[in-house]
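Notes follow once the structure below has been shown.
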2 protein chains.
Amino acid sequence: MIRKHPKPKGREAIKAWNHNKIIEASIEVIAKYGIAGTTISRVVELADVSRGLVNIHFKSKDILLKEALNYMFAEYNNTIDNAVKKAGSNPVDQIKAIITANLDPSILNKKNMGVWFAFRAQIRSMPEHLEMVETRDKCLTNHLLRIFETLNLEGGYKIPVKSVVRGFMVMLEGYWLDFHLHPRNYDREEAKNTCLFFLAGLFPKLFK
Amino acid sequence: MIRKHPKPKGREAIKAWNHNKIIEASIEVIAKYGIAGTTISRVVELADVSRGLVNIHFKSKDILLKEALNYMFAEYNNTIDNAVKKAGSNPVDQIKAIITANLDPSILNKKNMGVWFAFRAQIRSMPEHLEMVETRDKCLTNHLLRIFETLNLEGGYKIPVKSVVRGFMVMLEGYWLDFHLHPRNYDREEAKNTCLFFLAGLFPKLFK
DNA sequence: AAGTAAAATGTATGAACGTACATTTAAAAT
DNA sequence: ATTTTAAATGTACGTTCATACATTTTACTT
């Protein structure tokens with residue numbers, strides 16, 4: 001049962017509170033059972049609300065799924081944007097901030113990865129969600145393209161930016177997958193260091 | 001409807017033929033609809049066999065899923081082992097062979113990736129399949145550990161082998177994910193070159 | 001304190017699910 | 001040709017699913 005905060009007062013507030021409770025329960029259920037394994041019964045049980053309430057708040061199961069996914073992505077995009085902002089103007093610091101953010105427990109945790117890979121796995125049969133996934137990809141790609149281009153200029157490198165950005169993102173996502181499969185003995189520090197190690201191969205002066 | 005080969009003669013042969021037809025149909029359905037979205041009805045329709053036959057060949061749905069997964073993994077492990085063998089004794093050639101094999105259409109295709117990520121997504125709620133996934137990981141890890149250690153010796157490098165192997169595998173898998181999401185405009189050559197580019201950063205003399 | 005409208009509840013319904021099993025089909029043996 | 005028996009079929013059953021909606025509860029208004 002999800003009950004992070006006590007039940008608030010006021011009709012509107014209670015409604016919003018229940019709405020949120022259902023979304024968060026859905027996320028947890030998706031993470032555990034996958035998209036097709038997510039049933040209203042499981043959501044209802046975890047959210048501790050009545051069966052009918054889900055139908056009132058979300059016109060259909062599909063809409064509920066979509067809102068749950070959206071909820072999660074918004075969090076991710078915010079986290080990354082903030083991390084880059086906080087890192088200041090140094091591109092190397094920005095890269096490090098992005099790596100750290102992507103490996104931080106607030107992003108890289110069982111629940112998030114469960115949902116993440118559940119959606120990615122089913123993308124073939126639910127192409128309507130592809131857009132949302134790609135929006136997240138673009139958020140990260142844009143940051144990285146800009147940063148690596150700056151690195152090229154500042155360091156006098158001639159690294160093929162597009163390929164390296166893709167390779168780098170692919171690596172980050174690979175580490176997510178690694179965590180998803182083996183959350184127990186996962187070493188965030190090692191993952192970070194290996195990312196930096198690979199980058200140091202390409203930009204020796206900057207990442208050493 | 002799956003009918004690669006004409007129906008054979010002989011009771012045993014027909015039985016085996018149907019068995020195979022059901023497994024291959026299952027793989028296709030899993031790839032399209034995910035684990036929980038895989039229903040007997042869908043498998044039966046695609047395999048073009050009677051509803052009851054699945055129950056006779058596979059005691060339960062779980063067992064069918066397990067056999068389908070096993071079928072796919074066996075193919076993968078064979079392909080990799082053969083690729084390494086064919087590459088000869090040069091470690092750089094072996095690495096290249098592994099990259100090429102992992103990006104080859106016989107491995108990296110919509111069907112395989114659909115099943116692959118479907119299982120990985122659901123691993124949390126079906127831990128009984130973790131073992132099979134890890135067997136595949138070990139097959140690849142063992143090859144790579146040996147090869148990178150040889151590279152260290154031959155080239156006089158002091159690369160942290162374990163980390164690099166993990167980073168490299170993570171990268172390969174990241175490219176699988178990339179393909180899974182965007183099979184249309186996927187560039188196998190570029191993926192291969194970027195892998196080599198990252199390795200060239202670590203082993204400059206060898207991968208240039 | 002009484003009335004009212006919004007929100008939440010829980011039961012009902014039909015479709016789809018996995019599985020069991022009596023029946024039919026057809027390959028092999030006589 | 002007839003018999004035998006393994007293999008395949010298709011219906012039937014109990015369960016679980018998403019959804020609809022009449023009913024009850026509860027926060028707000030008067």
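Sequence lines set the chain letters: A, B, ... in the order given, protein chains first and strands last, and positions in each chain run from 1.
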With rounding to the nearest 0.5 Å, note down the distance linking CG in Leu46(A) to NZ in Lys32(A).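 If I round to the nearest 0.5 Å, the distance is 8.5 Å.
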Can you tell me how far CG of Asn70(A) sits from CE of Met132(A), rounded to the nearest 0.5 angstrom? 5.0 Å
Letter by letter from the 5' end, nucleotides 16-24 of chain C scores (B base, S sugar-phosphate only, - none; protein heavy atoms under 4.0 Å) -SBB-----
Kindly state each residue pair satisfying side-chain hydrogen bond (donor to acceptor under 3.5 Å, both in side chains) with at least one member in residues 52-64 of chain B, sequence neighbours excluded.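 Every pair satisfying side-chain hydrogen bond (donor to acceptor under 3.5 Å, both in side chains) with a residue in residues 52-64 of chain B: His19(B)-His57(B).
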Let's see if you get this right: which residues in residues 29-36 of chain A place a heavy atom under 4.0 Å from DNA chain D?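 Here the set is empty: none.
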Just to be sure I understand the rule, does His57(B) reach a base, reach only the sugar-phosphate, or reach nothing, if contact means heavy atoms closer than 4.0 Å? sugar-phosphate
Hey, are [Y] and [X] close enough side-chain-wise for a donor-acceptor pair under 3.5 Å?
X: Glu173(A); Y: Trp116(A); result: yes
X: Ser26(A); Y: Arg42(A); result: no
X: Thr141(A); Y: Arg166(A); result: no
X: Tyr33(A); Y: Gln122(B); result: no

For the pair made of [atom1] in [X] and [atom2] in [N], what is the distance, rounded to whole Å?
X: Phe58(A); N: dA8(C); atom1: CZ; atom2: P; result: 11 Å
X: Leu53(A); N: dT26(D); atom1: CG; atom2: P; result: 14 Å
X: Glu45(A); N: dT9(C); atom1: CD; atom2: P; result: 15 Å
X: Trp17(A); N: dA8(C); atom1: CH2; atom2: C1'; result: 12 Å

Check this for me, if you would: do Arg120(B) and Asp137(B) make a salt bridge, where the nitrogen-to-carboxylate-oxygen distance has to be below 4.0 angstrom?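 Counted as a salt bridge, because a side-chain N and a carboxylate O are separated by less than 4.0 Å.
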If the cut-off is 4.0 Å, is Asn18(A) near the phosphate of dA8(C), judged by side-chain N/O to OP1 or OP2? yes
ring-ring contact (aromatic ring centres under 6.0 Å, His included), paired with Trp176(A), selected from Tyr76(A), Tyr186(A), Phe117(A): Tyr76(A)
Identify each atom pair where a protein N or O and an N or O of nucleotides 26-28 of chain C are less than 3.5 Å apart, giving names and distance.
from: dA27(C); atom 1: O3'; to: Arg11(B); atom 2: N; distance (Å): 3.4
from: dA27(C); atom 1: N3; to: Arg11(B); atom 2: NH1; distance (Å): 3.3
from: dA28(C); atom 1: OP1; to: Arg11(B); atom 2: N; distance (Å): 2.7

Side chain to side chain contact (heavy atoms under 4.5 Å, CB included) with Asn82(B): which residues, sequence neighbours excluded?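 Asn82(B) satisfies side chain to side chain contact (heavy atoms under 4.5 Å, CB included) with no other residue.
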Taking side chain to side chain contact (heavy atoms under 4.5 Å, CB included) as the test, write out the residues that go with Leu130(A), two or more places apart. Ile123(A), Glu134(A)
